[in-house]
2 protein chains.
Amino acid sequence: MLDPISRVRRFNRAVTSEVGALDTSFLGRGRPLGAARVLNAIGLGRGDVAELRDYLGLDSGLMSRLLRGLEDEGLIHTLPHPDDARRRIAKLTRSGRQEFSAYEAISNSQAELILARHHKPEALLAAMDMVASAFGRSRIRIEEMDPKGEEARYCLGEYYGELSRRFKGGFEVSLSRDPDATDMMAPRGAFFVAMSDGLPLGCVGLKGSGGELAEIKRLWVAPSARGLGVGRRLMDSAENAARNLSVKILRLDTNSALPEARQLYRSTGWTEIERFNDDPYPDLFFEKSVLPDSRPSY
Amino acid sequence: MLDPISRVRRFNRAVTSEVGALDTSFLGRGRPLGAARVLNAIGLGRGDVAELRDYLGLDSGLMSRLLRGLEDEGLIHTLPHPDDARRRIAKLTRSGRQEFSAYEAISNSQAELILARHHKPEALLAAMDMVASAFGRSRIRIEEMDPKGEEARYCLGEYYGELSRRFKGGFEVSLSRDPDATDMMAPRGAFFVAMSDGLPLGCVGLKGSGGELAEIKRLWVAPSARGLGVGRRLMDSAENAARNLSVKILRLDTNSALPEARQLYRSTGWTEIERFNDDPYPDLFFEKSVLPDSRPSY
DNA sequence: CATATTATCTGACTTTAGTCAGATAATATG
DNA sequence: CATATTATCTGACTAAAGTCAGATAATATG
């Protein structure tokens, strides 16, 4: 019906008025938008003035004046940067924290309102996650994390859930060769999570043995983040980690019910090999040699 | 992982910077945002000055000055409203149309850019449709349309596609009792489409016979618009149309593979009845009497 | 260590947006 | 038909945002 570009523009129109509504609700606290934005950015942890300026796209003169205004109101205080006395750090005072949480409350109730308008908000939230991931693509970071940490456990839970939906006979972790967490941590291996603005979007584990052979395990990307290259970036991180651990050969197993994964491995230099374990779930096995080169080997 | 409110706020953050980017790219044509917005609104067909002011939320003085500025640039000309000489109508001149299409080109390339960043844009577009429908809920209009028109054909195509996915044995229109289009048009019946900003989001047909009995057919709501009450509004429109045609009894058939529909009928005063036709697809049959009252009868 | 660069600040601006109190002319209403 | 209401316009404002050219002090660099 509508062509893709018109659909994107329809989305832009719908969203613009919503964003405007949030802006005007911020005006309710008797402070111009510019000052409110600076206060909120400081509250969210952006204390470094240069970083603030860059994030909000403001002129240095304007930034300086806005900070002075907030200081006069007693909401922030600034101090020199410990490593470089030219730079300044802005921090919220006690009443600044109060004011910041008032803005947080406005944002939260605005968000609640959006959800309350929907009968079944879960689908809307999934759609919002997808849009946010696509728009914030450049802000997706691959971070090495504890495979027992909160983010990792969330990703693994989603991963197992997806396998049990997609495998014909379901999936039961206890029947699979579940890797020991210590094998996926330094110094034997590593575990990576793709994070976007606090939301974990994917993971991968490098299960090492201390020797020259290691395995890639638990590669998962959230449905809302597929098509953004997150899987490839996770795999690159795992391969780099393997290189640093002097691993020479990487192996992995997967299932033909996951065609996207197979496609990814094929396009990034992996070779299909014979079965190398007796795990009941996988039916495809791949191998790749880790080159000393730092560029991706595909 | 993240609670719903944080997810909405993550979405807001992601989208705000994108919207801001579109705004600043509009500045590239050497005209302040306010004037650009007015020009675009006129280009999109909002010629009536009062309507413009309402749509853009501007003070009458400001509006007047912006129009004067565009007039001085030779982009628009204004003329009195034919029915009311106090009102004014703004129209684009030839060079105004050129300038408008330059803005259109900027919007289009911005939209293309968003899509180009995604490997498989179809899922992203579906997510954007869902968000746009939810945000623009109050702008969804139920319109009576020709069941053979473009919008109706689009909806029916989606409807048949969905049935063939959801029915175990598939769905073949030719095997079903496909209603004649003239039965779903005045004076025998009616056909309604839910429109949101140019995108059809759902449909329903009232198939009349000229007598006191009529049937509800082809109720469909786009997946991106479910949970917004569109189905209920479509059904209300069909019932009102039935009332105006002096229909006394409404019937419909459906299938238990469509639990949302069944739930809707149950909650809006329909009673389950015996099979009343030999169509191979339906396995549930409902009836409702049309009350002379104009309020919904549930 | 002289010089260049950098981060921030200050003062003196301009532009944009928005407000408010009338003025004017057309239309609606009793 | 007198009076009220309405849509637009004008003039005189204010507030907010943004720009630009130095000034100052700290740090980096040859």
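In what follows, every heavy atom counts, from backbone to side chain, and hydrogens, waters and symmetry copies are set aside. Lettering follows sequence order; numbering is per chain, from 1. Everything numeric here is computed off the predicted structure, so don't read it as measured data.
- Atom CZ in B/R31 sits about 16 Å away from atom C1' in C/dT15, given to the nearest Å.
- Considering only side-chain atoms of A/L62, the nucleotide from D/dT8, C/dT19, D/dG18 that sits closest is D/dG18.
- The existence of a salt bridge linking A/R10 and B/D129 is confirmed by a sub-4.0 Å separation between a basic side-chain nitrogen and an acidic carboxylate oxygen.
- Using a cut-off of 4.0 Å between Lys/Arg side-chain N and Asp/Glu carboxylate O, B/R9 and A/E104 are scored as salt-bridged.
- What separates CG of B/L66 from P of C/dA17 is a distance of 7 Å, to the nearest Å.
- Side chains of B/S237 and B/N240: no donor on one and acceptor on the other come within 3.5 Å.
- We find that CG of A/D83 is positioned 18 Å from P of C/dT6, with the value rounded to whole Å.
- Between the side chains of B/Y103 and B/R31, a donor-acceptor pair is found at a separation under 3.5 Å.
- Side-chain N/O atoms of A/R68 include one lying less than 4.0 angstrom from OP1 or OP2 on C/dC9.
- In this structure, A/E71 places its CD atom 10 Å from P of C/dT10, rounding to the nearest Å.
- Nearest nucleotide to the side chain of B/A85, out of C/dA26, D/dC20, D/dT10: C/dA26.
- The CD1 atom of B/I89 sits 17 Å away from the C1' atom of D/dC9 (whole-angstrom rounding).
- For B/E18 and B/R117, the salt-bridge test passes: some basic side-chain N is under 4.0 Å from an acidic carboxylate O.
- With a 3.5 Å ceiling on both atom-pair distances, the Watson-Crick or G-U wobble partner of D/dT6 is C/dA25.
- The nucleotide C/dG11 finds its pairing partner in D/dC20, both defining distances of the Watson-Crick or G-U wobble pair being shorter than 3.5 Å.
- Atom CG of B/L58 is separated from atom C1' of C/dT19 by 13 Å (rounded to the nearest Å).
- The residue B/D59 sits close to a base: some heavy atom pair falls under 4.0 Å.
- Partner assigned to D/dG30 is C/dC1, using Watson-Crick or G-U wobble distances below 3.5 angstrom.
- Taking the side chain of B/R87 as heavy atoms from C-beta on, and the options C/dG18, C/dC9, D/dA7, the nearest nucleotide is D/dA7.
- Taking only side-chain atoms of A/R65, from C-beta outward, the nucleotide of C/dT19, C/dT27, C/dA12 with the closest atom is C/dA12.
- Put simply, B/R86 has no side-chain N or O that comes within less than 4.0 Å of OP1 or OP2 on D/dT5.
- Between D/dA17, D/dT8, C/dT8, one nucleotide has an atom nearer to the side chain of A/L33 than all others, and that is D/dA17.
- Summary of the strand contacts: A/G34 and A/D84 both lie near DNA chain D, and taking for each the nucleotide with the nearest heavy atom, the more 5' one is attributed to A/G34.
- In the set D/dC9, C/dT8, C/dA26, the nucleotide with an atom closest to the side chain of A/R53 is C/dT8.
- One interatomic measurement links the two molecules: CZ of B/R37 to P of C/dG18, which rounds to 8 Å at whole-angstrom precision.
- Taking atom CD of A/E51 as the reference point, atom C1' of C/dT6 lies 17 Å away to the nearest angstrom.
- With a cut-off of 3.5 Å on both pairing distances, the Watson-Crick or G-U wobble partner of D/dT14 is C/dA17.
- No side-chain donor-acceptor contact under 3.5 Å links B/R137 and B/S196.
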